[in-house]
Amino acid sequence: MFFQNLKTIHHAVGELLEMDPHKVDQLLNNGHAWAVDHISTSADDVEEVYHCLTSTDGFDHSDEYNSQKPQFIPADFKNHLKGMVAERIEHRDGKWVVKPKTGNHILGTHPTKKDALKQLAAIEINKHTR
């Protein structure tokens, strides 16, 4: 199964690399920014496995990630995250509105909370890809 997954990844990456970069960028900028995040985390995961399998003893000692004890999320972490994000959502007239923390400028209006959260995620992803 391990090598079949590698073959699948290899095939998919090969086809992605053959695509027109300008068309892909347009698609990613028009509501599919989540794909940038998925590729980034996948690349990190594949790199970790690579380093583990190519080190002399089968373990990657380049960082202490694997030796750390599990970390627990503090109870107020949700509020901490809200403080870090410069945008917010609110429910207005049956719709979900995305706006900056200050001011009345509307960044987007959505029929569901899930759609509004997707926009917030896309905004955060785009902040880190510039």
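As the structure is a computational prediction, the values presented were derived from the model and not from experiment. Starting from 1, each residue takes its place in the sequence as its number.
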Is there a path from [X] to [Y] through hydrophobic residues (I, L, V, M, F, W, Y) whose side chains come within less than 4.5 Å of each other?
| X | Y | value |
| --- | --- | --- |
| W96 | L117 | yes |
| V46 | L16 | no |
| I125 | V24 | yes |
| V13 | M19 | no |
| L6 | V49 | yes |

Quick one: pull up [atom1] in [X] and [atom2] in [Y] and give me the separation to the nearest 0.5 Å.
| X | Y | atom1 | atom2 | value |
| --- | --- | --- | --- | --- |
| I39 | D44 | CD1 | CG | 12.5 Å |
| E48 | C52 | CD | SG | 9.5 Å |
| D25 | D20 | CG | CG | 9.0 Å |
| H51 | L53 | NE2 | CG | 11.0 Å |
| I89 | L107 | CD1 | CG | 12.0 Å |

How far apart are the C-alpha atoms of T112 and D115, what are their side-chain angles, what is the distance that settles it, and do they pass the side-chain hydrogen bond (donor to acceptor under 3.5 Å, both in side chains) test? CA-CA 5 Å; T112 65; D115 289 338; 3.0 Å; yes
Closest non-hydrogen atom pair between K99 and H105, with its separation: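 Residues K99 and H105, closest heavy atoms: CB-O, 3.2 Å.
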Looking at Q119, K118, K95, which one forms a side-chain contact (heavy atoms from CB on, under 4.5 Å) with H110?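 It is Q119, the one option of Q119, K118, K95 that forms the side-chain contact (heavy atoms from CB on, under 4.5 Å) with H110.
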Tell me whether H91 at atom NE2 has more than 12 heavy atoms from other residues, nucleotides or ligands lying less than 6.0 Å away.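 Yes.
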Taking atom CD of E18 as the centre, report whether more than 12 heavy atoms of other residues, nucleotides or ligands fall under 6.0 Å from it.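 Counting neighbours around CD of E18, 12 or fewer heavy atoms of other residues, nucleotides or ligands fall under 6.0 Å, so no.
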Taking S40 for the side chain and V36 for the main chain, is one N or O donor matched with an acceptor at less than 3.5 Å?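 Answer holds: no.
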For a side-chain hydrogen bond (donor to acceptor under 3.5 Å, both in side chains) check, start with the C-alpha distance between E15 and H11, then their side-chain angles and the critical distance, and finish with the verdict. CA-CA 6 Å; E15 289 197 9; H11 174 75; 2.9 Å; yes
